[in-house]
Number of protein chains: 2
Amino acid sequence: MVTEPVSESDAVTLAQSFKALGDPVRLRLLSLIAARAGEEVCVCDLLDAFTQTAPTISHHLKVLRDAGLIIGERRASWVYYRVVPSALATLSRLLDASAMAGT
Amino acid sequence: MVTEPVSESDAVTLAQSFKALGDPVRLRLLSLIAARAGEEVCVCDLLDAFTQTAPTISHHLKVLRDAGLIIGERRASWVYYRVVPSALATLSRLLDASAMAGT
DNA sequence: CAGTTGATTCGACTGTTATCGAATCCGCAG
DNA sequence: CTGCGGATTCGATAACAGTCGAATCAACTG
């Protein structure tokens, strides 16, 4: 027994994070934001990578924000996003522990 | 630029895996299965941890199976499940890379 | 073969989510 | 203050996902 099973209440919040990642658009959004860490990434740049409309992308960004996986900051006319490393690391470790356990 | 953004097609399959994790019941199921690696875990054991009915749990197990995160094997009257470490490790690495990128 | 127990499949219902167009908000430039 | 471009919010709709009860399947047991 390597890992302890997650508690019923932890499962709810953790599942919310994973659910946020459970959409191709959001996964690519996060990936694009993470890939260009350091540079400034405004929503207008992100829009170019998708066929979806601006309201739809904005909605997906909000889901990622609510899950605590990214944060957005308004500067001048533009909103810049960046990832929250600790949140992603938490999820990564959970999966890694489960992967280790199953060996 | 540490990570490459995931491709549009990869995003679909990866998102399916994360979506499978995006439910508290499924997250706990995976966790319970991983935690008791080595021992035999049959569905009847898992049922005790939930208030949901057997058909519901069976449905969630199927989602996890279809996502390739667990595999089930029938022996005698019981079906035993175990995790697929490589699948979990893939997801873990993706998140870890994005976390690193955002530092 | 008939019955029992474990597990899944089926059909239906309910609540949630992805998506869009229209409207609104927020900063900035005349 | 008015107008403009970027971003979000609102309202509606259509597709999807979680849940259950009933029916079915699968393997053992008498």
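These figures come from a predicted structure and were not determined experimentally. Below, chain A is the first sequence line, B the second, and so on; all start at residue 1.
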Exercise for the section: Determine: side-chain N/O of Tyr80(A) to OP1/OP2 of dG6(D), distance under 4.0 Å, yes or no. Expected result: no
Exercise for the section: For DNA chain C, determine which residues of residues 15-26 of chain B have any heavy atom closer than 4.0 angstrom to one of its atoms, and list them numerically. Expected result: none
Problem - Position toward the 5' end of DNA chain C (nearest nucleotide), Gln52(A) or Arg74(A) - result: Gln52(A)
Handout entry: Arg28(B) to Phe50(B), cation-pi by 6.0 Å centre distance and 45° axis angle
Key = yes
Problem - Residue whose closest nucleotide on DNA chain C lies nearer the 5' end, Arg75(A) versus Val63(A) - result: Val63(A)
Exercise for the section: Nearest whole angstrom, please: distance from the C1' of dA7(D) to the CG of Leu29(A). Expected result: 14 Å
Practice task
Under 4.0 Å between any heavy atoms, over every strand shown, what does Phe50(B) touch: base, sugar-phosphate, or nothing? Just pick one.
Solution key: nothing
Exercise for the section: Could you note down all residue pairs passing salt bridge (Lys or Arg N to Asp or Glu O under 4.0 Å) where residues 82-103 of chain B supplies at least one of them, sequence neighbours left out? Expected result: Glu73(B)-Arg82(B)
Problem - pair Ile71(A)-Tyr80(A): side-chain heavy atoms closer than 4.5 Å - result: no
Handout entry: Distance, rounded to the nearest Å, where Arg28(B) contributes CZ and dG18(D) contributes P
Key = 15 Å
Exercise for the section: May I have the distance from Leu61(A) (atom CG) to dT8(D) (atom C1'), rounded to whole angstrom? Expected result: 10 Å
Exercise for the section: Return yes when atom CD of Glu40(B) has more than 12 non-hydrogen atoms of other residues, nucleotides or ligands closer than 6.0 Å, and no otherwise. Expected result: yes
Exercise for the section: Taking only the side-chain nitrogens and oxygens of Ser77(B), find out if one of them lies under 4.0 Å from OP1 or OP2 of dC28(D). Expected result: no
Practice task
Let me know, please, whether His60(B) or Pro55(B) comes out on the 5' side of the other along DNA chain D by nearest nucleotide.
Solution key: His60(B)
Exercise for the section: May I ask you to say what Ala54(B) touches in the nucleic acid, namely base, sugar-phosphate or nothing, with a heavy-atom cut-off under 4.0 Å? Expected result: base
Problem - Short side-chain to backbone donor-acceptor contact, Ser98(B) and Ala34(A), under 3.5 Å - result: no
Problem - Student check: side-chain heavy atoms of Leu61(B) and Tyr81(B) closer than 4.5 Å - result: yes
Completion exercise
d(Gln52(B) CD, Leu29(B) CG) to nearest 0.5 Å is 9.0 Å
Practice task
Measure the shortest side-chain to side-chain distance between Leu69(B) and Leu91(B) over non-hydrogen atoms and say whether it is less than 4.5 angstrom.
Solution key: yes
Practice task
Looking at every strand, decide which applies to His59(B) at a 4.0 Å heavy-atom threshold: base, sugar-phosphate, or nothing.
Solution key: base
Problem - Contact boundaries on DNA chain C for chain A, cut-off under 4.0 Å to non-hydrogen atoms - result: dT17(C) to dC28(C)
Exercise for the section: Grab the two heavy atoms, one from Ser31(A) and one from Pro5(B), that are nearest each other, plus how far apart they are. Expected result: OG-CA, 2.8 Å
